[in-house]
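Below is one structure, written out as structure tokens, with a few remarks after it.
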Amino acid sequence: HRRKISFLENLERNLEGFSKSVKVVINASRNGRLKGICGPVSRVISVPSEYAVAIETALGSAMQNIVVESDEDAKQAIRYLKSSDGGRATFLPLTSVQSRPFTEKGLENCEGFVDMADKLLEYDPKYSGIIGSLLARTAVVDNIDNGIDMAKKYSYRFKIVTLDGQVLNAGGSMTGGSRTQNAGMLSRAGEIEKLNNELPTTVRMTGGNVTPADDEYTFEAAVELARSYVKEGNSASTAAKMAAADTGFKKGDIYKKLLT
């Protein structure tokens with residue numbers, strides 16, 4: 001478990017999986033070049049593991065939107081990105097982003113309804129307007145069959161997400177399929193906390209040795225790292241080479257996994 005924790009913490013620290021622009025802004029904030037940067041949406045919320053897939057799906061690319069204190073902070077960050085050729089990012093100022101009320105009634109009586117997405121996570125109250133604007137109009141249900149029934153009942157007026165990450169969009173379109181089993185941006189933090197809680201027992205049971213399960217998980221994390229390099233614009237071969245250098249696993253093994 002200690003190797004799992006170390007690798008996941010390294011992914012978090014290096015902002016793996018985030019776009020170039022997010023990394024540029026966060027690093028500039030860390031170095032004092034930008035002020036008022038609260039962080040990406042995924043870093044200002046805490047999600048129980050059982051809801052992580054649903055919330056990651058509901059947020060989509062908005063997980064990488066950057067929360068800032070004010071319009072002025074957003075303006076300065078945009079100017080910084082432009083001057084440094086750092087790419088483009090979406091900023092959510094606390095002073096201007098507000099939630100629209102959700103007025104549909106009776107969802108709690110629908111089969112399989114879990115809750116509205118914004119009710120399934122924890123966050124500082126100062127972010128309530130932003131979280132509400134992103135998630136207050138998204139319902140979470142247990143499975144796609146119950147989701148379809150709900151969508152039909154409410155004439156496809158709002159988004160519905162299942163616990164395993166299938167989506168019924170407002171308007172009637174559907175998005176779904178398989179998902180990778182690697183820890184995502186929200187899952188990573190929860191996995192680190194879970195493993196840290198389990199660590200004392202694990203160390204006693206294994207004598208502090210790394211088990212085969214640890215190696216398997218670490219390889220999957222290495223593949224996740226390679227995927228993040230691909231998202232940054234690198235070829236699969238280059239990404240596999242970079243991840244191999246970072247993790248010690250063979251480039252060929254990582255490359256093969258990337259192609260599956």
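If you're wondering where the values come from, they're calculated on a predicted model, not measured in any experiment. Computed from heavy atoms alone, side chains included, the values below leave out hydrogens, waters and symmetry copies.
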Salt bridge or not between Lys126 and Glu69? Use side-chain N to carboxylate O under 4.0 Å. yes
State plainly whether one hydrophobic cluster holds both [X] and [Y], where clusters connect Ile, Leu, Val, Met, Phe, Trp and Tyr through side-chain heavy atoms under 4.5 angstrom apart.
X      : Y      : result
Val41  : Leu94  : yes
Ile148 : Val141 : yes
Leu135 : Val47  : yes
Phe113 : Phe158 : yes
Val53  : Val167 : no

Could you tell me which non-hydrogen atom of [X] sits nearest to which non-hydrogen atom of [Y], and how far apart they are?
X      : Y      : value
Phe18  : Lys23  : O-CE, 3.5 Å
Leu121 : Ile131 : CD1-CG2, 4.1 Å
Gly87  : Leu81  : O-CB, 3.5 Å
Val44  : Cys38  : CG1-O, 4.0 Å
Ile144 : Met174 : CD1-CE, 3.7 Å
Ser133 : Val97  : OG-CG1, 3.3 Å

Do [X] and [Y] have side-chain atoms, one donor and one acceptor, less than 3.5 Å apart?
X      : Y      : answer
Ser70  : Lys75  : no
Ser21  : Ser19  : yes
Thr175 : Asn169 : yes

State the [atom1]-[atom2] distance between [X] and [Y], to the nearest 0.5 angstrom.
X      : Y      : atom1 : atom2 : answer
Thr238 : Tyr255 : OG1   : OH    : 9.5 Å
Ile254 : Phe219 : CD1   : CZ    : 6.0 Å
Asn27  : Leu15  : CG    : CG    : 6.0 Å
Leu168 : Thr138 : CG    : OG1   : 11.5 Å
Leu134 : Leu92  : CG    : CG    : 6.0 Å
Thr103 : Arg157 : OG1   : CZ    : 8.0 Å

Does the pair Tyr154 and Cys110 meet the rule for a side chain to side chain contact (heavy atoms under 4.5 Å, CB included), with working shown? CA-CA 11 Å; Tyr154 289 92; Cys110 294; 3.9 Å; yes
[X], [atom1]: over 12 other non-hydrogen atoms inside 6.0 angstrom:
X      : atom1 : result
Arg88  : CZ    : no
Glu122 : CD    : no
Glu104 : CD    : yes
Lys153 : NZ    : yes

I want to check something: taking the side chain as every heavy atom from C-beta on, are [X] and [Y] in contact at a cut-off of under 4.5 Å?
X      : Y      : answer
Asn65  : Val67  : no
Leu120 : Pro48  : no
Ile37  : Ile66  : yes
Ser128 : Tyr123 : yes
Val140 : Thr162 : no
Tyr51  : Leu163 : yes
Phe91  : Asp73  : no
Arg227 : Leu258 : yes

Is it true that a side-chain atom of [X] and a backbone atom of [Y] form a donor plus acceptor pair closer than 3.5 Å?
X      : Y      : answer
Arg43  : Pro40  : no
Ser83  : Arg79  : yes
Lys20  : Gly86  : no
Gln64  : Gly17  : yes
Asn143 : Asp145 : yes
Tyr127 : Gly132 : no

Would Met116 and Leu107 satisfy side chain to side chain contact (heavy atoms under 4.5 Å, CB included), going step by step from the backbone distance to the final call? CA-CA 9 Å; Met116 300 307 292; Leu107 272 70; 3.7 Å; yes
Test side chain to side chain contact (heavy atoms under 4.5 Å, CB included) on Met63 and Glu56 and set out the steps. CA-CA 7 Å; Met63 279 198 298; Glu56 285 179 357; 3.8 Å; yes
Side chain to side chain contact (heavy atoms under 4.5 Å, CB included) between Arg137 and Arg100, intermediate numbers included: CA-CA 8 Å; Arg137 298 181 59 81; Arg100 289 188 300 156; 3.5 Å; yes
